[in-house]
Amino acid sequence: MNSNLPSVAKPDILLVDDNPKNLRLLQMMLNDAGYKVRTILNGKLALRAVEIVKPDLILLDINMPGMDGYEVCQKLKSQEQTVDIPIIFISALNDIYDKVKAFEIGGVDYITKPFEVQEVLVRVKNQLLICQQKKQLQEKNEQLQLLERAIAASSNGIVITDAKKPDNPVIYVNPGFEQITGYRKEEIMGKNCRFLQGDDFTQPALEELRQAIKQKRACDVRLRNYRQDGTLFWNDFSISPVRDSLGTLTHYIGIQRDITALKQAEEALRKSEAQFRDKAQELELTLDELKSAQAQLVQKAKMASLGQLLAGVAHEINNPVGFIYSNIEPAIGYVQDLLELIALYQKSEPLTSGEIKNKIQDIELDFIQEDFPKLLASIQEGASRIMKIVLSLRHFSHHNEANKKSVDLHQEIETNLMILGNHLKAKSHRGAIEVIREYGELPLVECYPSELNQVFMNILSNAVDALEEKMLENYSLTPQIRISTEVVKADEGDPEIGRRGDTGTRRRGDEEMGETKETIPNSQITKDKQQTTNNKVIIRITDNGTGIPLQLKQRVFDPFFTTKPVGKGTGLGLSIS
Ligand SMILES: Cc1cc2nc3c(=O)[nH]c(=O)nc-3n(C[C@H](O)[C@H](O)[C@H](O)COP(=O)(O)O)c2cc1C
C-alpha cells in the first residue's frame, strides 16, 4: 500500500472502460498497489456506481459505446455531491484537442493509452494526495473563517504586531479595537501602539511592559490610554509573544479590555463606602454625645439637689453656730472674771467651812481654774472651724447654677480642699497628705463653676485614693498633692501635660481621723481682678501616688470610663467640664 495515503481505509477507485482486458490489467495493478478497485464497463453503469458509493477517484475511458467519458464527466461535475471527485481520463486519443477538452470539462489528468504501469500509479497517487490536501485546506479555511468571526465579534480589542520589523508595527486590529479606541484600522496599520498613551508615557505599568517586550515574554498590565477624541479609558491589557517552529519571535498578540466602567463603579463604591463609614462614625459620635449629655444632665440634677441640701444644712447650722461663736467671746470674759473673783476670795477670806473645803477638793478647783479657759479656747477654735466649713459649703452650693461666672480659681480650689480636709489628715496607716500650692497670678476666669468644682473635687479625691494605694506598698512615702497654676498665651500648650504621673480614677480607702499637714503660701490674685482675654490658665494637680497606667491615660476624658468598681465612680469626673 502507498505509504503517503491514509492507512485507515483503502482509497476507493472506480475503473470505467469498455475494454475488459484494459479493466483487468488496471485492476490488478491498482489492487497490487493497495487500492480498492471497482470496474465498470460503460458510462451509465458508472454513474449508477457513483450514486451508490462515492469513489475517491475515477479512471475514465473516453471512447465508450452509448455514453462516452466526456458525458460521464460532465454529468458528475454538474452535480454538487459528485463535483469534487477527481477524474483522470485514460484514452487512446492523443489529440491535443481531446486533452484540452478533458481538462476543460473538469478532468484533473490525462493518461494516453498504451500506458506505463508506473506512470498510472504515480498519477493516481498524486491526484489522491492533491484531493486529500484540498480537503484539509478546505477544513482549515473553514476553521480560520470561524476564528476570524470570533475575533471580529469580540468586544475586546485584539491587535497583532510584526515583531520581526523594527518598533513592532501593527498588522491587524479587530473591530473591538476600533470600537474601544475610536481609531479606524487604516489609521493604525504600520504604527506602534504607543500613540494610545498620549502624553501619559511615564505611568509605572509601562516600565513593566517595556521590560516584557525587551525580554520577549508575555505580560499583563493596567494602562491609562486615550481614545481618538482624547477621553481617558482604562486598558486592562496583555501581550503574548508568537514564535515560529524554530522558536524565533515573529509576532505579538495584544488584547485590550476597556475596564473604565468597572473602575468608575469601583471608585463610586469606594466613595459610598467611605460615606457610610463617615455616617456611621458621625452616628456613633452623636450617640456618645447624647449619652454624655444625658449623664451630665443626671449629674447636674444630682448636684443641684445636693447643692440645695448643702445650702439648707449650711443655713440651718450657720445660725446656731453663729450664736455659739458670738457668745463664746463674752463667755470667756465672764469666766475669766469669775475665776479671778474666786482667787481674790480665796486670798482674803481663809477657809473655815469644812463643807466648802471638801467641795473644792472634790471638784479640783485648781485644775478647773487652769483648764476652763483652755476648754473655752478650744470650743472657740472648734466653732470657728465649723463657721469656715459652713462658709465653704455655702460657697460650694452657691455656684450650682447653669450660668457662666467670673470666678477666682484659687478660691474654688481652696473650697474643695476644705471640703476634702478630713481625707487629707493623717490616718493610722499613713501620715497627713501634704498639699503644696504653687499658685501663680491668675485673673478672674469666666467658667461654669459648678462643673469646674466637680472636676477639682474628682481629681483631688482621686489623688487621695492614689496616695492611699501607694502607701499600702510604701509606708515611708511622704504623700503629696502639688497644685500649680499659671497663665499662658492662648496659642501655647502645656509641654508637661500628659508627662507627669497625673491622678487617675481609683478605689477609695477607709478613713480615720488625724492631722492635716499643709504648706499654704498666699494665694495670689492679680490686683485689678481683670479677666485676661485670649489667655489660658493651666492648673496642674499632681500627686506622688501610683500614677496612671500608660494605656489608660488617653481615656481619662472618655465619658463613663472608670477603673472604680460598679457604683463607685461615674466616669464623668473630667468629661463633665
Ligand atoms: C501587540 C502589542 C499591543 C500593544 N497595545 C498597546 C495598547 O493598547 N496601549 C498601549 O498604551 N500600549 C500598547 N503597546 C505597547 C507599546 O506599543 C509600546 O511597546 C510601549 O509603549 C513601550 O514602548 P515605548 O517605551 O517605546 O513606548 C502594545 C505593544 C504590543 C507589542
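Just so you know, ligand 1 is whichever comes first in the structure, and atom 1 is the first atom listed for that ligand. Atom set for the values below is all heavy atoms of this structure, side chains included, hydrogens, waters and symmetry mates excluded. In this text the structure is predicted, and so the values were computed from the model without any measurement.
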Is there any protein N/O under 3.5 Å from an N/O of ligand 1, and what does the full list of such pairs look like?
residue  : atom   : partner : partner atom : Å
ligand 1 : 5 (N)  : Q256    : NE2          : 3.3
ligand 1 : 8 (O)  : N235    : ND2          : 3.2
ligand 1 : 8 (O)  : Q256    : NE2          : 2.7
ligand 1 : 9 (N)  : N225    : OD1          : 2.8
ligand 1 : 11 (O) : Q197    : NE2          : 2.9
ligand 1 : 11 (O) : N225    : OD1          : 3.4
ligand 1 : 11 (O) : N225    : ND2          : 3.0
ligand 1 : 12 (N) : Q197    : NE2          : 3.3
ligand 1 : 17 (O) : N192    : OD1          : 2.6
ligand 1 : 21 (O) : Q197    : NE2          : 2.8
ligand 1 : 25 (O) : R210    : NE           : 2.3
ligand 1 : 25 (O) : R210    : NH2          : 3.3
ligand 1 : 26 (O) : R194    : NE           : 3.4
ligand 1 : 26 (O) : R194    : NH2          : 2.9
ligand 1 : 27 (O) : R194    : NE           : 2.8

I'd like to know if the side chain of S91 reaches the main chain of D61, judged simply by a donor and an acceptor atom lying under 3.5 Å from each other, with no hydrogens or angles considered. no
Practice item. Check whether any side-chain N or O of K54 sits under 3.5 Å from a backbone N or O of Q81 as a donor-acceptor pair, and report yes or no. Key: yes
Determine, stepwise, if the pair T181 / Q228 fulfils side-chain contact (heavy atoms from CB on, under 4.5 Å).
CA-CA 6 Å; T181 63; Q228 197 193 29; over 6 Å; no
dist I483:CD1 -> L409:CG (nearest 0.5 Å) comes out at 12.0 Å
Problem set entry | Charged N-O contact under 4.0 Å between D17 and K113 | yes
Are Y226 and F195 near enough that their ring centres are under 6.0 Å apart?
-> no
